[in-house]
Each structure stands twice: as structure tokens, then as C-alpha cells.
Amino acid sequence: MRKGLLISALLSLGTCIALAQDTTLDGSVGIEYRNLSGDEDASKLNEYRDLRDGITGDVKLKFRWKEKIDVRLDATNIGLNDQKIHLLFNKIGQFKLEVIYDKVPHLFSRNVRFGFSGVGTGDLKWNNGRISYIDMGLMRDWLKVYFDIVAFDPLLNFRIEFINEKRKGTRPFGVLSYFGVDPVQTSGIRHSVIEVPEPIDYDITDIRFITVFNWRNFQLYSSYYYSEFKNNIQELKWDNPEQNGAPRGLLDIYPNTTHNNISVTGNLWKLPLDTKITAVFSKGEFVQNDKLLPYTINQNAYSGTQYENNPPDPPDPGEMKVESTVYDFTLVSTPLKRFDIKFRHRFYDWNNKTAIVVFPGYVKIDVRWHEIPAINLPLSFNTNTTWLDMGYRISDSVKLSFGYTIDRKDRRIYEVVDPSYYYKPTVRVVTRSVDRIYTVNLDVKPIPWKWLDIRSSYIRSVQRGRYRVDDPIVYKYWKYDEADRDRDRLQLIVTMFPMKYLGMATGKEGSYEKPLIITTHIIVGKDSFVNSPVGLLEDSHIIYGIDIDYVPVKRVTLNAYFIHEEFRNKQKGWEERDPNKEWIVEGIDKDSTVGVGIKFKVIPQKLDMDLRYAYAMTDGTIKPSGFAVLTTVDDSERHTLNLNFKYKVRKFLHVDLGVFWESFRFKDYNKEGFENYAYGQDGNYFTGGALIPDYNVTMVYSKLTYKF
């Protein structure tokens with residue numbers, strides 16, 4: 001049905017043209033031919049796009065009848081996996097209908113090796129070592145429909161939104177299977193890591209009803225939102241290649257879920273002291289009713305237990321529900337000519353109403369029943385966030401502002417009713433955390449130097465928590481958003497128009513042409529986890545760059561840019577069996593991108609040239625204490641060159657000729673001496689070889705565009 005959307009749109013537009021009088025019609029139709037050479041089948045090349053040999057095209061149409069009907073159609077990459085079609089029908093002053101069909105591919109890898117049949121389903125059968133090769137990827141199809149009623153504008157407006165996404169395909173997924181008895185611990189279980197093709201087949205439907213009421217200086221915005229997630233494959237079964245002890249594995253995957261939300265927003269402006277007030281109330285509900293799967297589908301897992309002949313059924317949790325509530329209040333005011341103030345308070349509550357469920361035990365890796373009772377611990381929380389920002393314009397060219405934010409989060413967790421009876425899992429809870437954030441912003445535009453614009457900001461954040469610890473050993477591994485943390489951020493942006501300073505810009509005051517624009521920026525930040533003896537100790541980054549736009553003459557535009565990003569983190573860990581054995585590892589990631597471009601009107605109004613080149617490099621390093629430094633970690637290089645000539649044959653006929661070249665190289669220690677497909681006497685892993693490939697591709701393309 002979706003593939004016929006473009007044809008239906010064109011037929012509808014043709015009917016309008018045939019019936020209408022006093023119409024205007026303009027647009028363009030383009031046909032493009034592509035020819036690729038090199039490694040055009042590389043998965044990384046087509047990760048989020050569809051570059052291939054063949055013909056594609058685009059259509060842009062604008063149709064208008066009198067001052068009553070306006071129709072627009074925009075379709076690109078027609079027939080490809082990344083095509084997009086946008087249709088707009090506007091009955092001016094009455095209603096507006098907008099339809100969008102968008103396809104987005106996500107290719108993970110080509111020719112992945114798997115020893116399973118049933119790929120794409122929830123039931124994978126082992127082929128006794130016979131290998132098949134498949135492409136792994138997803139296809140996401142979006143259909144978006146927006147309908148606006150504006151007949152009562154500006155007093156009243158209505159809007160209906162409908163969005164449906166179909167996502168289908170496979171992606172690599174790791175599971176565990178029984179592999180025998182641990183040779184070191186004879187009572188332990190040795191497991192193998194198996195990469196299987198996870199089936200993806202689900203639909204997401206979103207519907208929103210919006211009403212906007214306007215009266216003088218008051219606006220009321222209300223909406224009802226409904227979302228449904230439907231998974232057409234809700235469980236995954238797979239054969240164990242070892243076929244010992246646990247012949248089959250079972251895993252529950254994403255359950256069907258619904259979400260309802262009601263929201264009301266009120267805006268009141270033109271109040272005394274140039275004040276505006278906004279208030280928001282929102283109430284939501286998340287519901288899923290997915291019954292738990294059996295503990296295992298392997299009968300022999302219960303051998304020697306009370307359930308040997310009568311396996312237990314998991315408890316029924318019933319309806320699992322979470323309610324969310326939001327209150328938000330914002331006030332913006334300018335009590336003095338040079339002084340402004342912004343105040344905001346937001347309350348968010350996540351109330352988990354899922355019932356507590358008692359489990360008599362569990363099955364480890366589908367091979368052995370462990371009679372250790374346990375319960376689930378539903379977590380609820382609420383946050384209270386208050387912002388205060390005050391700005392003062394010292395002069396016409398300098399503004400200084402200060403901000404203070406306090407963000408408090410309270411977590412609520414259900415307690416075990418009888419700890420002596422139930423197994424109490426490790427619980428590390430931050431019952432309350434408070435984050436205090438201080439900001440300073442300075443904007444400077446010196447009057448004598450109107451060619452200079454400086455913007456800077458500094459942020460200081462201090463987060464502390466109140467902790468409840470149930471396990472004295474592993475409590476040290478706090479989550480990043482729960483640990484005590486000191487954060488510093490500094491940002492500086494400088495924009496210059498030096499030609500204006502040199503008197504080389506032309507035009508009247510206030511409308512200068514800017515033949516040269518230089519923008520530089522630097523961002524420096526660091527997080528220190530001050531009370532974390534183990535886990536993440538610190539995290540820092542520095543980002544800087546420059547962008548230059550230069551117009552030496554009217555026919556030539558030059559552009560160049562450079563961006564460098566560097567991220568560092570340090571972590572500390574220990575041996576679980578010997579806490580005295582500690583280790584520290586430092587990770588470093590560096591990304592650099594440089595690009596240049598030139599646009600040249602070779603023959604004014606006749607022939608244009610556009611040349612762009614970009615080089616991107618990433619360099620990763622891992623420095624573990626007591627071990628060799630790994631210098632080849634996610635290292636990559638990408639070169640991209642695009643040369644395009646646009647020639648106007650006639651006023652209505654354009655021809656594009658171009659060359660696109662891209663080269664990608666990827667290095668990682670996992671690719672050096674690592675056998676992707678390893679299964680045998682001494683193997684304990686099985687992967688499909690879905691590592692990032694290198695490629696070198698050249699594409700020559702030509703496009704014929706007819707404008708009318």
C-alpha cells in the first residue's frame with residue numbers, strides 16, 4: 001500500500017490540474033543515473049543510506065488554485081531504500097493535510113556466517129555446522145499523517161497526528177549456552193557465548209489529538225497522546241551447538257506496551273513588567289501485560305529436584321503499570337530595562353505500581369534449577385528541579401547572567417516483607433541525590449568592534465547522595481547518575497567579521513555584506529567522582545574547532561573547517577576473589593575532522609561547480625595497569641570527495657554531472673588474530689563475523705532535471 005503512495009499522489013495532483021482554472025503550476029522532475037565501482041557491497045557504506053547502481057529520481061511540484069487550494073509534492077530517492085515522499089494539501093483558511101512516507105535502512109553487516117536455520121523467526125535450529133551467509137540489517141518504514149483544522153483561527157485550532165513505524169529485519173545478539181563443566185571449579189557451569197540473529201518485527205503506532213485556544217494574551221494548549229508498541233515475535237528459542245545438558249535456550253524479548261498521556265499547557269503574556277507565565281500539567285500511564293515465560297524449556301534442568309516430574313510455572317505478575325505525573329511552572333520577566341529574570345520549577349513523579357512477585361528459584365543458562373527464592377523490587381522516584389536565571393545588561397554590548405539550579409531526586413523501593421524467608425538480592429539504592437548547578441554566561445559585542453562577537457559560559461555542578469547499602473562489597477560500583485560527582489564545563493564561542501573591520505565590506509550600515517566570517521569554539525569539561533573508590537573515577541573532554549567562510553569575489557565561495565574532540569576516562573576495579581588486587585584502566589578517544597569546499601560560478605547563470613572534501617579520523621587507546629597498552633582501538637579513517645557540475649542547458653532544463661568518492665579504513669585489536677567463527681574442542685564462543693569492513697568506492701552520477 002505504501003509503495004503506491006507516490007502514484008496516488010501524482011494522480012490526485014493531475015486530477016486537480018485538469019479540473020481547475022486560474023491555476024499556477026511549477027516544480028521540477030529529475031532523473032538520476034548512478035554507477036558505482038569498488039567495494040560497493042560494504043555494509044558500512046550503506047549503513048544508513050542506499051548507494052547502488054541504477055536509476056532514481058526526485059519530483060517537486062507546487063500547484064495553486066486561486067487563493068483557495070495549495071498542493072505540494074516533494075519526493076526524493078524514488079525507488080530506493082532511503083526514499084522519502086512528502087505530500088501537502090492545504091485548503092487555505094480551512095484545513096491542511098500533510099502525509100509523509102519515509103524509509104530508513106540500517107545495515108549492520110553483509111555475509112554474516114550462521115549455523116542456524118529459521119533466521120528472521122523466533123525459532124533457530126542448529127544446522128549441525130552447515131554455515132549459511134545472510135545480510136543483517138533493519139528496514140524502518142514511517143508513515144506520518146498530520147491534519148490541521150484552521151477554520152476558526154486564531155481563536156481555535158485543532159490538530160491530529162498519526163505516526164506508524166514498521167521495523168523489520170535481524171541484528172546480531174549475544175546469548176549464553178551450556179558448554180560443559182568448568183575445569184577449574186568442577187561444581188561450576190562453563191558457558192559459551194553465541195551470536196544469534198535476533199528477529200526484529202514490530203509496529204509502533206502513535207496518535208495525538210491537539211487543541212489550541214487563543215484569547216487576547218492567553219493561550220491554552222491541550223493534547224491527548226496514545227502510543228502502542230506491538231511485537232510480532234515475543235520470544236526467541238535457539239539450539240545449543242554443544243547439545244549437552246541444555247539442548248535449547250529461551251529468551252523473552254520486548255513485550256507489547258501501551259502509553260496514554262494527557263497534557264494541558266497554559267500561556268499568559270503581556271503582563272506587568274513584561275512578564276510571561278507558562279504552566280504545564282501532564283499525566284501518563286504505561287501498561288504492559290506480558291506473561292512470564294517458563295523458567296526453561298529443558299525438562300532435564302529439574303533432574304534431582306522436587307520439580308523433576310512437575311516443572312513449576314512462573315508467577316503471574318498481572319498488569320504491570322507505571323504512572324507518571326508532571327507539574328511545570330515557568331516565569332520570564334524584565335522588571336528593569338537592563339535586568340531580566342527567569343524562574344522555573346518542575347516536578348516529575350514515576351510511580352511504579354507493578355506488583356511484588358515471589359520466585360521460588362531460577363534456572364541458570366537453561367541447564368540447572370537453583371532453589372533460591374527471590375522477589376522483584378519495583379522502583380519509583382520523583383524529581384524536583386528549580387531553575388533561577390538572572391541577567392543584567394551592563395552596557396549595550398555586554399550582558400552578564402547568573403544561574404542556579406537545584407535538582408533533587410528521591411527514590412522509593414519496596415522492602416522485602418520477610419528477609420529471613422526470601423533471598424534478598426544485592427540492593428544499592430541512592431535514596432536521595434541532590435545536584436546543585438551554578439552557571440555564568442557572558443556575551444560581549446564591543447561597540448567599537450562590531451565585527452567581533454564573544455559568547456562564553458561556565459557551569460559548575462556538585463552532586464551528592466544519601467545512600468542505603470545492603471552489600472558491603474559491591475556497593476562501590478555506583479551508576480554514573482547516582483554517584484557523588486563534581487562537574488565543570490567551560491564554553492567559549494568567538495565570531496569575527498574582519499573584513500568589516502578592515503573597511504572592505506560594502507553596503508549601508510546595518511546591512512553589511514560579510515565576505516569573511518570566522519567562528520571558533522572551545523569546550524572543556526571534567527567529571528570527578530569524588531567518593532567512588534571503585535568504578536568510574538573521572539571523565540573529561542576537550543572540543544575545539546574553527547569554521548571559515550570566505551567570498552573573495554562574487555562568483556566564488558570558499559569554506560573550511562576543523563574540529564577536534566578528545567575524551568578521556570579513568571576506571572578502577574578489583575578482583576572479586578581478592579579485593580586487594582586492584583587495577584586501573586584509562587581510555588582515550590580522539591576524533592578529528594577537517595573539510596574544505598569551493599563553490600564557483602564558472603559561467604554566471606550557466607555553469608556552477610561545487611567541490612567538497614572531508615577527512616575524519618578516530619584514534620582509540622586503552623591503558624590498563626599491569627598490561628600492555630592497546631593502541632589499536634576503534635581506529636578509523638574516512639575520506640569523502642564530492643565534485644558536482646550543474647549546467648543550465650535551457651531555462652527549464654538542467655544537467656548535473658558528478659563524481660563521489662569515499663574511502664573507509666577500520667582497525668581494532670579484535671580484528672587482529674581473532675577468528676570470528678570459532679567452535680570446536682577448545683572453543684567457547686561462536687560469532688558470525690559481523691565486524692566493520694573497509695571499503696573504497698567511486699560513484700559517477702548524472703542527473704537530468706526539467707523545471708516548469
Side-chain angles (χ1 to χ4, degrees), residues 2-35 49-103 143-146 148 554-555 557 599-612 642-660 699-708:
R2 297 187 177 192
K3 292 183 178 179
L5 180 62
L6 176 60
I7 297 175
S8 300
L10 290 173
L11 290 176
S12 300
L13 184 60
T15 303
C16 292
I17 297 173
L19 297 177
Q21 297 179 356
D22 299 328
T23 64
T24 59
L25 175 65
D26 58 72
S28 65
V29 177
I31 299 177
E32 180 178 343
Y33 173 74
R34 301 173 177 178
N35 181 266
R49 57 189 177 185
D50 188 6
L51 294 181
R52 52 173 154 160
D53 290 339
I55 297 176
T56 183
D58 57 60
V59 176
K60 294 184 178 181
L61 297 176
K62 296 180 181 179
F63 166 76
R64 192 176 184 92
W65 176 49
K66 298 181 178 179
E67 294 296 324
K68 296 183 177 181
I69 294 179
D70 187 11
V71 182
R72 301 189 182 191
L73 175 67
D74 191 349
T76 57
N77 294 337
I78 298 173
L80 300 181
N81 287 331
D82 56 354
Q83 67 178 323
K84 184 175 182 179
I85 303 170
H86 185 184
L87 175 65
L88 175 67
F89 181 89
N90 184 10
K91 189 172 182 181
I92 300 172
Q94 297 295 318
F95 65 85
K96 181 170 63 176
L97 176 65
E98 193 173 4
V99 181
I100 301 172
Y101 174 57
D102 194 5
K103 296 183 68 174
L143 177 62
K144 306 175 184 180
V145 180
Y146 306 112
D148 293 273
K554 288 186 177 181
R555 292 167 54 185
T557 302
K599 293 183 178 181
F600 178 33
K601 296 184 180 298
V602 183
I603 304 175
Q605 307 299 321
K606 196 72 174 179
L607 178 63
D608 295 339
M609 183 197 77
D610 188 355
L611 173 64
R612 287 170 290 165
N642 198 340
L643 175 61
N644 176 268
F645 290 93
K646 185 184 293 289
Y647 181 67
K648 184 185 291 186
V649 182
R650 293 284 188 272
K651 183 179 180 181
F652 54 84
L653 188 63
H654 291 201
V655 175
D656 285 67
L657 296 175
V659 177
F660 170 82
M699 181 177 74
V700 179
Y701 61 93
S702 59
K703 184 177 180 180
L704 184 66
T705 303
Y706 176 76
K707 293 187 175 182
F708 52 91

By side-chain hydrogen bond (donor to acceptor under 3.5 Å, both in side chains), Arg555 pairs with (sequence neighbours left out) none

Exercise. Do Leu73 and Val71 pass the side-chain contact (heavy atoms from CB on, under 4.5 Å) test, and can you show the C-alpha distance, the side-chain angles, and the key distance before you say yes or no?
Worked result: CA-CA 7 Å; Leu73 175 67; Val71 182; 5.9 Å; no

Sequence neighbours excluded, the answer for side-chain hydrogen bond (donor to acceptor under 3.5 Å, both in side chains) partners of Arg612 is none

Contacts satisfying salt bridge (charged side-chain N to carboxylate O under 4.0 Å, His left out) that involve residues 52-61 (not counting sequence neighbours) are Asp50-Arg52, Asp58-Lys703

Should Asn77 and Lys84 be marked as a side-chain contact (heavy atoms from CB on, under 4.5 Å) after you check the CA-CA gap, both sets of side-chain angles, and the distance that decides it?
CA-CA 7 Å; Asn77 294 337; Lys84 184 175 182 179; over 6 Å; no

Checking Thr56, Asp656, Asn35, Asn642 against Tyr701 for side chain to side chain donor-acceptor pair (under 3.5 Å), the one that qualifies is Asn642

Closest non-hydrogen contact found for Thr705 with Ser28 is CG2-CB, 3.8 Å

His654 meets the side-chain hydrogen bond (donor to acceptor under 3.5 Å, both in side chains) criterion, sequence neighbours left out, with none

(message) Apply side-chain contact (heavy atoms from CB on, under 4.5 Å) to residues Leu51 and Leu80 and explain how you reach the verdict.
(response) CA-CA 9 Å; Leu51 294 181; Leu80 300 181; over 6 Å; no

The side-chain hydrogen bond (donor to acceptor under 3.5 Å, both in side chains) partners of Tyr146 (sequence neighbours excluded) come to none

Pair Glu32 + Arg34: basic N to acidic O under 4.0 Å: yes

Sequence neighbours excluded, the answer for side-chain contact (heavy atoms from CB on, under 4.5 Å) partners of Thr557 is Val551, Lys599

